[in-house]
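First comes the structure, then the notes that go with it.
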Amino acid sequence: MNAQEVLNEIRKGKRFLVAGHIDPDGDTITSTLLMGRLLKHLGKGYTLYIRDSIPEKFGFLAGIGEIKQSIEGLEPDTIITLDAPNLERVALPKPRARVINIDHHQSNERFGDVNWLEVDRGAACLMAFELLRLAGAPLGSQEGEMVFTGLFTETGGFVLPNVSAEVLRICADVMEHGVNASDIAFRMTARDERNLALLGEVLATLKITDGIATIELTEKMLDDVGLGHDEHDSDSFIRYPSSIPGIKVAIFFREMRQEGTVRMSFRSLSGADVDRIASRFGGGGHPAAAGAKLKGSYEEVKERVIEETKRYLACEEG
Ligand SMILES: [Mn+2]
């Protein structure tokens with residue numbers, strides 16, 4: 001499947017549901033917005049859907065308020081999923097509509113009637129942007145801000161291995177169409193005083209053993225700095241342990257007491273495949289950046305994940 005074939009498939013639908021993934025990141029949010037622009041250009045009816053709330057820092061993107069958190073009563077004839085390896089990830093029940101699955105995860109389960117998968121593409125928003133260009137949709141600074149934001153966040157600020165010539169070329173193109181790159185970079189990395197205090201607490205938990213660097217965010221730390229789950233922004237904290245030279249895998253543990261779960265983010269800039277580590281815990285992602293969530297007591301989960309990661313690295317080396 002290539003972009004032109006996917007565009008032809010999209011033209012066949014009338015009423016669309018566009019779904020990004022739960023616990024949304026910049027890539028899924030901007031892919032969803034860009035797909036909305038495409039459908040608008042094609043004169044289609046559409047609803048944009050991401051179940052979980054959108055972090056505040058993305059509030060400047062045009063049309064962000066169009067994204068709904070519920071799909072009750074909708075009867076689309078076509079569902080487009082973006083940046084999601086399976087249907088659970090977009091919080092959709094088994095759909096009656098035709099599904100167009102657009103993604104760049106190697107673990108994608110090919111659950112669509114149409115599957116456009118490009119594992120070598122640095123971000124899903126690149127794929128959505130390509131469709132817009134192909135359809136001849138007008139591209140201005142708003143669409144440029146969407147794709148720039150998606151690319152900036154998905155590459156961890158242009159440091160992860162998914163930064164490519166294509167990524168930088170599109171960033172340069174959209175800057176020529178009025179995108180203020182430094183303004184977006186600032187928005188994506190800005191931190192208020194309480195979030196900065198939280199970062200301090202989290203960094204104080206840094207531990208390094210056998211090439212594994214870990215940091216933690218507990219409920220108590222949120223209480224101490226006076227931040228709620230919705231107000232805090234810890235997405236980029238993982239960059240600090242993964243920036244240490246010689247580290248093979250960095251892990252960020254987040255205690256989610258109300259859910260009774262622990263969330264993990266994994267990073268590797270060393271060639272270790274953290275997608276495979278995360279998949280041992282029912283999660284996934286990309287070779288250099290992945291995530292997972294486990295039920296259980298915080299300390300037990302932490303210990304288990306560290307042990308399992310050590311075992312994985314020992315196998316790799318052995
Ligand atoms: Mn992505």
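The structure presented is a predicted model; accordingly, all values stated were derived computationally and were not measured. What you see below is based on every heavy atom in this structure, not just the backbone, and it leaves out hydrogens, waters and symmetry mates. Each ligand, and each atom within it, is numbered from 1 in the order the structure gives.
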Just by distance, no angles: are the side chains of Asn108 and Asp103 close enough, under 3.5 Å, to form a donor-acceptor pair? yes

Common cluster, Val147/Val6, ILVMFWY with side-chain heavy-atom separation under 4.5 Å: yes

Please determine if the Mn ion (ligand 1) has an N/O/S atom from Asp83 lying under 2.8 Å away. yes

For the Mn ion (ligand 1), find the closest N/O/S atom belonging to Glu154 and write down its atom name. OE2

Looking only at the side chains, is there a donor atom on one of Gln69 and Tyr49 sitting less than 3.5 Å from an acceptor on the other? no

Checking distances from the Mn ion (ligand 1), one finds that the N, O or S atom of Asp27 closest to it is OD2

Return yes if a side-chain donor-acceptor contact under 3.5 Å exists between Arg187 and Thr149, otherwise no. no

Tell me which N, O or S atom of His104 sits nearest to the Mn ion (ligand 1). NE2

